[in-house]
2 protein chains.
Amino acid sequence: MAATIRDVAQASGVHVSTVSRTFSAPHLVNAETRNRVLAVAEDLGYRPNRAARALTTGRTHNLGLIVADIANPFFPPLIKAAQAHARLRDYHVFVADTDEDPQVEEELIQTLTKQVDGVLLCSPRLSNRVIERLHQDVPFVVVNRRLKGMSTVLMDVGHGARLALAHLVALGHRRIALLSGPAGSWTSREMADAARAVPGIELTVLGPNSPTEHGGLAAAAGVLAAGVTAVLAYNDLMAIGLVEGLAERGVEVPGELSVVGVDDIVPGRLARPKLTTVAMPTEAAGRTAVDLLLQLVGAGETATPALTTLATHLIIRESTGPVPP
Amino acid sequence: MAATIRDVAQASGVHVSTVSRTFSAPHLVNAETRNRVLAVAEDLGYRPNRAARALTTGRTHNLGLIVADIANPFFPPLIKAAQAHARLRDYHVFVADTDEDPQVEEELIQTLTKQVDGVLLCSPRLSNRVIERLHQDVPFVVVNRRLKGMSTVLMDVGHGARLALAHLVALGHRRIALLSGPAGSWTSREMADAARAVPGIELTVLGPNSPTEHGGLAAAAGVLAAGVTAVLAYNDLMAIGLVEGLAERGVEVPGELSVVGVDDIVPGRLARPKLTTVAMPTEAAGRTAVDLLLQLVGAGETATPALTTLATHLIIRESTGPVPP
DNA sequence: ATGTTTCGTGCAACCGGTTGCAGAACTTCC
DNA sequence: GGAAGTTCTGCAACCGGTTGCACGAAACAT
């Protein structure tokens with residue numbers, strides 16, 4: 001069994017409170033005593049029990065990070081950045097995957113609530129109402145969704161969409177399809193709003209679609225039926241699936257149709273043709289979200305929510321080309 | 001502030017112990033009382049604090065899952081399977097990424113130890129000695145590494161390597177390179193042992209290499225220098241990188257050189273050419289690992305470690321072909 | 001009617017820490 | 001030499017639950 005504070009206290013001949021202070025308020029204990037306690041603790045392999053500590057202090061020094069799908073390559077860089085950034089501040093991050101299921105998401109948040117000081121919600125699928133209710137029990141930072149009263153990190157995908165469309169227009173495209181994502185997605189709506197406001201193009205919005213390779217594959221027929229010369233997809237996975245689906249039908253990218261994705265995930269960089277895509281600042285988002293969350297945690301009840309918007313940019317690769325004659 | 005057990009007790013006019021039993025041993029409390037307590041609890045939004053509960057029961061109902069790199073597409077399917085499987089058994093899984101850093105790995109395990117009932121260690125990079133020390137504080141199940149005295153889930157990559165080599169031999173290849181992985185990797189050693197035992201081929205072992213796309217890219221020159229006609233890579237990421245590196249040098253796959261990967265990750269299925277690969281039973285491994293871990297957790301001190309080996313198989317796609325004339 | 005079970009609940013100690021308060025020992029100051 | 005501070009440590013209550021034990025009431029057996 002692991003050593004407890006009482007074992008250390010007994011072995012070093014002091015009261016438990018002295019041991020406790022040795023770790024949580026060292027300046028309050030005499031240097032000599034402190035060293036003795038530390039030596040004994042080291043010897044016994046004692047490590048303060050964080051869960052027990054949390055019971056009295058109300059601080060677990062853990063953060064929760066909830067994502068819809070770890071297998072979506074968009075998330076891991078964000079997760080890694082958040083974890084690394086949190087570690088620097090002596091916080092640990094627990095990641096949980098909701099499997100795109102709102103009910104699982106809610107359950108996970110409930111469970112995490114008491115075991116973490118705050119939760120990072122990435123592209124949540126829950127309704128605003130539920131999120132607001134859960135928010136009463138634990139501080140949140142929401143990534144890629146706009147929720148009033150909560151700290152938020154947004155990636156400026158509207159700007160990215162404009163860049164992508166400008167690129168396509170410059171190549172001569174006019175009839176363009178937007179392959180949208182899941183129904184509740186803020187990102188998807190944001191892209192659609194931005195795209196509709198672009199003058200001089202004839203936009204067809206197709207969707208909602210599953211934000212996966214399979215979703216893109218399934219959308220290929222609809223894209224061809226729409227009679228467009230270029231497509232902006234909700235994300236790279238869909239773009240890759242779409243290219244696949246088009247190839248099955250003998251349609252070449254970018255020869256006959258141009259495709260732009262969003263996210264700049266690794267598989268998109270490896271695909272043939274390499275995807276032109278809107279790069280998302282995922283690492284920065286992870287770090288920023290942790291910063292905002294720790295700010296909230298530190299401030300307690302008096303916290304004021306903050307909003308950060310991060311820039312996106314276009315990476316031109318091989319999946320876009322001039323409009324066919 | 002969230003409601004506590006005392007709030008519920010007071011509001012429903014019973015002692016806290018009755019409330020406690022209502023949740024953790026319902027059969028011990030009168031149906032009428034129970035319903036009243038449940039109603040009040042519902043009303044107050046009370047949820048038992050798992051951390052506090054763990055303090056007395058010694059059971060957190062959480063599991064830890066430690067991986068070297070979430071961004072490696074090999075892991076997410078395993079993680080998702082483990083999470084889903086654990087949820088069925090009323091357990092939650094906390095995932096942590098070590099960033100391939102043994103020191104971070106050790107620190108994470110230490111932190112998790114008190115907050116989970118057991119830890120799933122996937123392809124750990126720590127030394128045996130350290131793992132054994134940490135094992136004294138919390139039950140482990142190790143995936144893809146052989147450690148005596150601990151429950152283990154292995155994927156039979158040796159068999160997979162033999163299948164891959166047999167496939168290459170059948171295509172006429174004799175001079176074959178094995179692109180090995182990280183130095184401490186059990187999988188890598190296992191593959192090498194299996195490959196060396198295959199008769200009738202001339203094997204060149206190259207490595208160790210970083211188990212990433214970049215590692216494969218960097219190995220391209222060495223592969224060409226080795227004068228082989230086929231390569232078995234440690235994993236798909238490396239295989240993809242290698243194909244990339246070969247393309248840069250004007251070498252075609254599979255026309256001039258055949259490449260086999262391991263893992264059957266999604267990017268490998270999407271790459272051009274589509275990768276021939278050894279499929280790993282990642283979902284099964286995740287589920288099995290959770291089962292073994294819960295078995296250990298349930299058994300307490302008396303637990304006997306178990307070893308499960310899961311089969312692998314070869315998927316032939318487009319990156320392998322007959323030896324060039 | 002009495003003795004024995006069974007059932008339901010309360011009491012209080014406990015899990016492993018933290019922390020406000022009190023007091024002992026030692027300084028410092030006048 | 002005594003009052004007033006400092007510095008350090010111990011005491012005990014507390015965080016939010018769980019659980020062995022005791023006890024009263026009701027149900028059952030004789």
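The sequence lines fix the lettering, A, B, ..., with proteins before strands; numbering per chain opens at 1. Quick caveat: nothing in here was measured; it's all calculated off a predicted structure. Atom set for the values below is all heavy atoms of this structure, side chains included, hydrogens, waters and symmetry mates excluded.
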_Regarding A:Thr57, tell me which of base, sugar-phosphate or nothing describes its non-hydrogen contacts under 4.0 Å with the strands shown._
sugar-phosphate
*Report which part of the nucleic acid B:Ser17 touches: base, sugar-phosphate, or nothing (heavy-atom distance under 4.0 Å, all strands).*
base
*asked:* Are B:Phe75 and B:Cys122 packed together at the side-chain level, in the sense that at least one heavy-atom pair is separated by less than 4.5 angstrom?
replied: yes
*Has the side chain of A:Arg6 got a donor or acceptor that lies under 3.5 Å from a partner of the other kind on the base of C:dG17?*
yes
*Taking only the side-chain heavy atoms of A:Thr18 (C-beta and beyond), determine which of D:dT18, C:dT18, D:dT9 contains the nearest atom.*
D:dT9
*Counting side-chain heavy atoms from C-beta on, which of C:dC15, C:dG10, D:dG10 comes nearest to A:His15?*
D:dG10
*Output yes when at least one side-chain N/O atom of B:Thr33 is less than 4.0 Å from OP1 or OP2 of C:dT9, else no.*
yes
*When all nucleic acid strands are considered with a 4.0 Å heavy-atom cut-off, which category describes B:Thr4: base, sugar-phosphate, or nothing?*
sugar-phosphate
*For atom NE2 of B:His61 and atom C1' of D:dG17, their distance in whole Å*: 14 Å
*asked:* Using whole Å, what does the distance between atom C1' of nucleotide D:dA13 and atom CG of A:Leu55 come to?
replied: 13 Å
*Just compare D:dG16, D:dT9, C:dG17 and give me whichever is closest to any side-chain atom of A:Ala52.*
C:dG17
*Looking at every strand, decide which applies to B:Arg34 at a 4.0 Å heavy-atom threshold: base, sugar-phosphate, or nothing.*
nothing
*Does the pair A:Glu106/A:Arg133 count as a salt bridge with the N-to-O cut at 4.0 Å?*
yes
*Indicate yes or no: at least one non-hydrogen side-chain atom of A:Asp97 is less than 4.5 angstrom from one of A:Asp69.*
yes
*Could you tell me whether B:Phe23 contacts a base, only the sugar-phosphate backbone, or nothing, with contacts defined as non-hydrogen atoms closer than 4.0 Å?*
nothing
*asked:* At 4.0 Å (heavy atoms only), tell me whether B:Val14 reaches a base, stays on the sugar-phosphate, or touches nothing.
replied: sugar-phosphate
_Considering every strand and a 4.0 Å limit on heavy-atom distances, what is the contact class for A:Arg21: base, sugar-phosphate, or nothing?_
base
_It should be established whether B:Ser20 places a side-chain nitrogen or oxygen under 4.0 Å from OP1 or OP2 of nucleotide D:dT18._
yes
*Within the structure shown, what part of the strands sits under 4.0 Å from A:Arg50 by heavy-atom distance: base, sugar-phosphate, or nothing?*
nothing
*Any B:Asn62 side-chain heavy atom under 4.5 Å of B:Tyr91 side chain*: no
*Going by atom types alone, do B:His61 and B:Asp117 pair a side-chain donor with an acceptor below 3.5 Å?*
no
